[in-house]
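All values derive from a computational prediction rather than experimental measurement. Atom set for the values below is all heavy atoms of this structure, side chains included, hydrogens, waters and symmetry mates excluded.
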Amino acid sequence: MKLDSKIPSGHIEQKWDNYKFNAKLVNPANRKKFDVIIIGSGLAGASAAASLGEAGYNVMVFTIHDTPRRAHSIAAQGGINAAKNYKYDGDSVYRLFYDTLKGGDYRAREANVYRLAQISTQIIDHCVATGVPFAREYGGLLDTRSFGGAQLQRTFYARGQTGQQLLLGAYSQMMRQVANGSVKVFTRREMMDLVVKNGKARGIIARNLITGELESYSAHAVLLCTGGYSNVFYLSTNAATCNVSAAWACYKRGAGFANPCFTQIHPTCIPRSGQHQSKLTLMSESLRNDGRVWVPKNKGDKRNPNDIPEEERDYYLERMYPSFGNLVPRDIASRAAKKMIDEGRGVGPTGEAVYLDFKDAIKKQGKEKIKEKYGNLFDMYYRITDEDAYSVPMRIYPAPHYTMGGLWVDYELMSTIPGLFVLGEANFSDHGANRLGASALMQGLSDGYFVISTTLPNYLASTKFEDAKIEDEEFKNSKNEIKNKINKILSIKGNKTPTEIHRELGNIMWEYCGMSRTEEGLKKALASVPKLKEEFWENLKMVGGEDFNQTLEKALRVADFLEFAELLLKDALNRKESCGGHFREESKTVDGEARRDDESFSYVAVWEYKGEKKEPELNKEKLEFEYLKPTTRSYK
Amino acid sequence: MENKKFNITLRVWKQKSEDSKGRFETYNVEGIIPEMSFLEMLDVLNEKLIKEGKEPVYVESDCREGICGCCGFVINGDVHGPDEHSTVCQLHMRRFKEGDVVTIEPFRAKAFPLIRDLVIDRGALDKIITAGGYISVNVGSAPDANTIPVDKNTAEKAMDYATCIGCGACVAACPNSAAMLFTGAKISHLASLPQGHPERTKRVLNMIKIMDSLGFGNCSNEYECEAVCPKEIKISAIAKMNREFLKANFLSEEDPDLPPVFHQSTVDVPEDE
Amino acid sequence: MNYLFILRMIKSSIGRKQIMAVSGILLSFFMLIHLAENLLLFKGEEWYNGWVNILLSNPLTIYLEIGLLILFLLHITTGVWVRIEDWVNSRKRKYENINWQGGRTLGSATMLYTAIALLIYLGFHMLHFRFTDHSMGFYQMVTSAFRSKLFVTIYIAGAVALALHLSHGFQSAFQTLGINHKKYNFYIKILSYAVGISMVAFAAISIYFLLGLDIKPEAEYNNVIETIIE
C-alpha cells in the first residue's frame with residue numbers, strides 16, 4: 001500500500017494556499033457532468049453536499065434515516081472551536097494548531113491540523129451567515145466560552161445544542177441545493193458496498209431499508225461521511241444506528257484503516273443503571289467549566305453526598321492537575337475517574353461514578369445563571385436519573401464517545417482508493433490520538449464546506465474516467481455478494497439475537513480495550529472475539545424477511561463490528577506506547593501518567609485488508625514534525 | 001435505590017403498511033425496572049419476541065437523548081408520553097406501575113404515511129424546508145461573523161425557534177394535523193435574524209404554499225402543538241409566521257417563484273428523492 | 001401579477017384564515033353594536049322604535065347592510081372552505097385515545113357545531129325579524145315574539161352558541177393576524193371571554209320579556225303569566 005500524504009510544499013502557513021493555487025479546476029459548465037455520491041448527512045456530509053451543490057456538481061446524498069436532519073452530529077452539545085480571538089485572550093491560528101496537535105498527543109499530521117485551524121474562522125463566518133443562532137453578548141457580538149483542554153475562550157456555542165444548530169444549518173444549506181436541483185437526497189438507504197472499477201471508486205450498492213431492495217448507483221467520486229465506530233463498545237454515547245459498516249466495506253475494497261485503537265472515552269456521561277441499558281447519555285463537557293469533580297476521601301463512603309463535609313471530599317482533578325484543574329482533556333479526566341473507582345472510591349448505587357458538583361458555582365453565580373448556561377442538561381439529567389442536580393451533585397462516568405481513528409486519507413481527504421474521499425469523524429486525519437472538546441464540529445464542517453470543495457475538483461479534473469454503468473460486472477458482482485450475505489444471515493437458525501451478541505462484544509471490548517489496555521487483556525480479547533464471530537454465524541436468531549427488517553439491519557451491522565473489533569484489538573496490541581485515548585498499562589511513568597514512545601511509534605498505523613482468512617498488513621506513515629516538536633503532554 | 005421489578009400490559013398498534021388494516025396487539029412485558037427508559041422496555045419486549053421467533057414491534061429511535069427527533073408515538077393518548085415537553089426516549093418506566101395497561105399508537109396524520117407499526121414517514125417536513133427554510137449564502141462568501149451585531153434577546157428568541165427537532169409531534173397532536181408550528185418555527189427563526197431578512201418574503205410565501213400542498217390541516221389556534229412540543233416552541237412562532245405572511249402579501253412587491261425542483265415534476269410536490 | 005395578491009391570499013391556507021379572522025372581528029364589533037341596540041328594549045317602546053326609525057331613515061343603512069352581508073359571506077365561505085379542507089386532510093385513522101392538553105376549550109372544540117347552529121339561527125333570525133311584516137311596529141314585533149317559549153328557547157340557544165363561538169373565535173382571530181405578545185396575550189384572552197359572555201345578554205333580553213318583567217302593573221303581569229301557562 002502506497003501512502004502518499006500529498007502534503008503541499010512551502011511554509012506551513014502557506015501550504016493550503018499553495019495547494020489551492022496548484023489544484024486543477026473544473027469549468028463551471030462541466031460540473032453538472034460529474035456525479036458525486038455522499039454517504040451520510042451529518043455535519044461533514046451535509047456541508048459537503050451543500051458546497052458541492054453550490055459549485056454545480058450533480059450530488060446524491062444517502063442517509064440511513066427518514067430525513068437527513070437526524071444524523072448524530074445533532075447530539076453534539078458543547079460548541080465549536082475557532083481561532084477568532086474575539087475575547088482577545090491570546091488566541092491565534094497557530095495556537096489552535098498547537099493545542100490541537102498537542103491535545104492529540106502528536107499523532108496527527110501537522111499540515112492537516114494547521115489547515116483545520118486556519119479554516120476554523122471561516123466556519124464561524126459561514127455558519128453565522130447561514131442563520132446559526134450562536135450565543136451572543138449583550139452588545140450583540142458573539143460570545144465564546146472555554147472548553148476542556150484549552151486555557152482560553154475560543155468555543156462558540158448555541159446553548160447546549162451547538163451540534164444541533166450547526167447540523168440544521170448545514171442541512172438547510174443542503175436542502176437549498178435540493179431546491180435548486182443539484183442535490184438529490186435518498187433517505188432510508190444504507191450503503192452496503194463500495195464499487196471499485198479500474199482501481200477507482202465508481203459507485204455504491206445501497207440497501208433500501210423499506211423495500212429491502214439492493215440499489216446500484218454510479219458516480220465519479222464517493223464521499224464517505226459516516227461518522228465513528230464507538231458502538232463497537234455496544235454502550236457508547238453514539239446513536240443506535242451509528243455503525244462501522246460503510247467504512248468497513250471500503251476497507252475490504254482496499255481503503256487503509258488508520259489508527260483504529262484511538263478511541264476517546266468521554267469523562268462526563270450519565271452512569272449506567274442496569275443490564276437493559278441501551279446507550280449512555282453524554283453530559284456536555286462544558287459542565288466542567290463550573291462543576292467540580294470529586295469523590296469521597298474514604299473508601300466505600302455511602303453517605304448522601306450533601307452529608308459529606310468539605311474536608312472529607314477529594315477534588316482529585318484539582319489536586320492532581322492544579323493548573324488545568326477540572327478542565328483537563330478528556331482522556332486524562334476519564335482515566336483519573338477510573339483510578340478513583342478502581343481505588344474503591346466510586347459513588348452511586350453501582351459504585352461506578354464520580355460526583356460533578358455545582359454547589360459552589362450556584363453559590364457564586366446564582367441558580368439562575370447556572371440554569372441559563374446548562375438548563376437543558378440539568379433537565380436531561382433529571383429525566384434520566386430522577387435527581388435534581390441543582391441540589392445534589394451529578395453522578396458521572398466515562399463512556400466511549402468519539403473515534404479519532406478511521407479510514408486513512410491524504411491531505412486531499414482521499415483514501416487509498418482513488419475517488420473515495422473520507423470526511424469528518426470517519427477519517428483519521430486531524431485529531432491524532434485524542435480529540436479536544438469542540439473540535440469535532442470544527443473538523444466536520446471544515447472538511448465538508450471548505451476542504452472537499454477544493455480538493456475534489458482537483459481529482460475530477462486530473463483523472464481520466466472510463467465508463468461506469470450500474471450494469472457493469474463490478475456492480476453486479478458486488479450486489480450478488482451482498483445478496484448472499486443477507487440470505488446467509490437470514491438462514492441462520494440459532495438462539496441469540498443480534499443485540500445479545502453485540503452486547504457481548506461490547507463487554508469484551510470495554511473490559512480489555514476500554515480506558516486502559518494491557519497486552520494480556522488484548523490477547524485475551526483477540527481470542528474471544530473470533531469465537532463470538534463464529535457464534536454469530538452459527539447461533540444467530542433471526543426473524544422477518546428481506547424487506548423492511550430492523551433485526552436484519554442490526555445483524556448486518558453487528559457482523560461488521562465483529563470483524564472490525566479484531567482489527568481494533570490488533571492495532572491496540574501493536575501500539576505498545578500510551579498516547580492520547582490509547583493507554584497501555586505497560587507504558588506509564590512512575591506517577592502513573594501515560595508515557596508516549598516517539599522513538600518507536602511516531603507513525604500512523606494503516607491497516608490493509610488482505611483477504612478473508614488472512615492477517616491484515618500494517619503499513620506505516622511516518623509523522624514528521626517540522627514546526628512543533630513533540631513534548632510530553634502535561635496538564636499538571 | 002431498590003430495583004423493584006414490575007409487569008405491565010402493553011397494547012401496541014400493529015400495521016404492515018399504510019394500505020393494510022391495523023389493529024392493537026396485546027403483550028405482557030415482565031421484569032421492568034423503574035430506571036429503564038420506555039424504549040429500553042420496548043427493546044426488552046422485542047428481544048423476547050425475536051427469541052420466540054415472532055415479529056418484533058417496529059419502532060424508530062436513534063440518539064435516545066431527545067435531540068435527533070427520530071422517536072415519537074402516542075402513549076395512553078399522550079403525544080410523546082406523559083412527561084411534559086419531552087420525547088419518548090426520555091420517558092422512564094418509573095412513570096408506570098405494576099399492572100398498568102399501556103396503549104401505544106403511531107403519530108397519525110394524512111401527511112405522515114405509516115410505514116410499519118409505529119414507524120411513519122415524515123418526509124413531508126423536509127419538503128417544507130426545501131421550499132425555503134434556509135438563507136442563500138455560498139461557502140466562502142460570508143463576511144466576518146461579528147460584522148452584524150444581533151442583540152442578545154433577538155438571538156435568544158431565534159434560538160428558541162431554531163431548537164425544533166422535526167419530530168412531528170405538533171402535527172400528531174393537532175386536531176387538524178397542521179404543520180403550522182413546525183413551519184412557523186423555521187420561518188420565525190430565520191425572520192428573527194438580520195441574516196434572514198433579505199429572503200423573508202419569498203421564504204414565507206413558498207414555504208406556506210408547499211406546506212398547503214402536502215396534506216396538512218389548518219390551524220385552529222388550539223395550542224395543542226405547543227403543549228406537546230419537546231422543545232417548548234411557543235405558538236408565537238405561528239403568530240410570527242402569520243405576520244410575515246401578511247407583510248409579504250400587503251407590503252412586498254415581490255411575487256416569488258417556487259424553487260426549480262418544484263417545477264421539474266408535473267405534480268405539485270417533488271418525488272420522495 | 002402583483003395586483004392579484006388578494007387571489008393569492010384566498011388560495012393560501014393562512015390567507016383564508018386571515019380573511020376569516022378580519023371578517024370575524026368586524027362581525028364581533030357588529031354583534032356588540034347590535035347588542036347595544038337591543039338593550040334599548042329595556043328602555044321601552046319609545047326609545048327602541050325611535051332608534052329603528054333613525055336607522056331606517058338613514059340612506060347609508062342599506063350600504064351598511066350590504067357590507068354586513070359581505071362580511072357574513074366572507075366569514076362563512078372561508079369558514080366552510082377551511083373546514084372542508086381540514087376534513088379532506090383529516091387522519092385516515094383516528095386515534096383510539098388522544099388527550100387534549102393544550103388550549104383546547106369547549107369553545108374551540110365546538111367551533112364547527114356552534115358555526116352550524118349560528119348559520120341556522122341566522123336564517124331563522126332573518127326570516128323572523130328582517131324579512132317579515134313590520135306593520136305592528138318593531139318594539140311590538142320583538143316583544144311579542146319573546147312571549148313564546150319556543151322562540152325564546154331558540155334565541156337562548158343562539159346566544160349561547162354565539163358566546164361559545166366568540167369566546168374562542170375572538171382571541172383566535174388575533175393570533176391568526178399575528179398579534180401575539182407576551183404582555184398583551186392575557187388581556188386579549190380576557191377581552192375574548194368578555195365579548196363571548198356579553199353575548200349572553202341577548203338571552204337575558206328574551207328571558208326578560210318572556211317573564212313579562214317589562215309589564216309593570218301587577219294585574220297585567222298575572223295575565224301574561226296565564227298566557228304563558230296556557
Side-chain angles (χ1 to χ4, degrees), chain A residues 51 54 65-67 69-70 72 74-75 86 124-126 128-131 133 136-142 158-159 161 164-165 168 172-173 175-176 178-181 184-187 210 239-241 273-274 276 278-279 281 349 380 383-384 386 449-450 453 497 499 541 543-544 548 550-551, chain B residues 1 33 35-36 40 43-44 47 50-51 53-56 58 61-70 83 86 90 92 94 115-116 121-123 125-126 129-130 133-139 142-146 149-152 155 158-159 162-163 166 190 193 195-196 259-261 264 273:
Chain A
S51 66
E54 279 162 24
H65 292 109
D66 62 331
T67 142
R69 62 188 291 161
R70 310 266 186 246
H72 197 55
I74 207 152
Y86 281 160
I124 301 299
D125 298 341
H126 186 62
V128 167
T130 57
R136 289 184 182 260
E137 289 173 335
Y138 283 103
L141 302 183
L142 292 162
R159 294 193 196 145
Q161 288 145 266
Q164 184 205 20
Q165 291 311 311
L168 293 184
S172 74
Q173 289 305 303
M175 294 322 263
R176 177 177 148 237
V178 171
N180 285 345
K184 267 191 182 163
V185 176
F186 297 81
T187 57
I210 301 303
T241 48
S273 59
H276 59 271
S278 60
K279 85 153 278 164
T281 302
M380 196 156 84
R383 280 197 183 121
I384 293 172
D386 207 23
Y449 275 140
F450 293 96
S453 45
T497 65
T499 309
K541 178 78 192 178
V543 289
F548 188 26
Q550 293 181 320
T551 321
Chain B
M1 253 181 284
I33 63 166
E35 287 80 22
M36 261 181 197
E40 282 164 355
D43 289 346
V44 170
E47 285 289 287
I50 294 170
K51 285 229 159 181
K54 291 178 188 151
E55 272 281 288
Y58 279 71
S61 80
D62 201 25
C63 78
R64 297 202 173 189
E65 46 190 90
I67 193 79
C68 75
C70 246
D83 283 352
S86 160
Q90 299 292 287
H92 280 66
R94 60 178 78 90
I115 293 174
R116 179 86 61 93
D121 178 5
R122 285 164 288 195
L125 299 181
D126 282 335
I129 298 293
T130 308
Y134 40 75
I135 293 172
S136 300
V137 48
N138 281 4
V139 170
D144 183 87
N146 261 348
V150 182
D151 82 276
K152 193 176 165 72
M159 179 68 195
T163 54
L190 296 175
L193 295 168
Q195 289 86 348
V261 74
Q264 283 167 3
E273 280 88 53

Taking the side chain from [X] and the backbone from [Y], do they hold a donor-acceptor pair closer than 3.5 Å?
{"X": "Arg70(A)", "Y": "Gly69(B)", "result": "yes"}
{"X": "Lys152(B)", "Y": "Arg136(A)", "result": "yes"}
{"X": "Glu54(A)", "Y": "Val139(B)", "result": "yes"}
{"X": "Gln164(A)", "Y": "Cys68(B)", "result": "no"}
{"X": "Asp62(B)", "Y": "Thr241(A)", "result": "yes"}
{"X": "Gln165(A)", "Y": "Ala162(B)", "result": "yes"}

Is chain B contacted by the side chain of Leu141(A), its backbone, both, or neither, given a heavy-atom distance below 4.5 Å?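 It is both, since atoms from each part get that close.
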Below 4.5 Å from any heavy atom of chain B, which atoms of Thr551(A) appear? Answer side chain, backbone, both or neither.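 Contact with chain B involves the side chain of Thr551(A) alone.
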Non-hydrogen side-chain atoms of Arg383(A) and Ser86(B) separated by less than 4.5 Å: yes
Would you say Thr499(A) and Asp43(B) make side-chain contact, with heavy atoms under 4.5 Å?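 The answer is no; the side chains never approach within 4.5 Å.
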Within the 3.5 Å criterion, strictly below it, is a donor on Arg176(A) or Asn138(B) matched to an acceptor on the partner's side chain?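 The answer is yes; a qualifying pair exists.
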Most heavy-atom pairs under 4.5 angstrom with chain B, which of [options]?
{"options": "Phe548(A), Phe450(A), Tyr449(A)", "answer": "Phe548(A)"}
{"options": "Thr281(A), Thr67(A), Ile384(A)", "answer": "Ile384(A)"}
{"options": "Ile124(A), Leu142(A), Leu168(A)", "answer": "Leu142(A)"}
{"options": "Gly139(A), Ala179(A), Gly274(A)", "answer": "Ala179(A)"}

What's the shortest heavy-atom distance between [X] and [Y], and which atoms?
{"X": "Ala129(A)", "Y": "Gln195(B)", "result": "O-CB, 3.8 Å"}
{"X": "Val137(B)", "Y": "Gln173(A)", "result": "O-OE1, 3.3 Å"}
{"X": "Lys51(B)", "Y": "Lys541(A)", "result": "O-CE, 3.6 Å"}

Are Lys54(B) and Val543(A) close enough, and set up right, to give a side chain to side chain contact (heavy atoms under 4.5 Å, CB included), and what steps lead you there? CA-CA 7 Å; Lys54(B) 291 178 188 151; Val543(A) 289; over 6 Å; no
Among the listed options Ile67(B), Asp151(B), Asn146(B), the residue most often paired with chain A at heavy-atom distances under 4.5 Å: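 Option with the greatest count: Asn146(B).
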Show the numbers, then the answer: is there a side chain to side chain contact (heavy atoms under 4.5 Å, CB included) between Asp386(A) and His92(B)? CA-CA 9 Å; Asp386(A) 207 23; His92(B) 280 66; over 6 Å; no
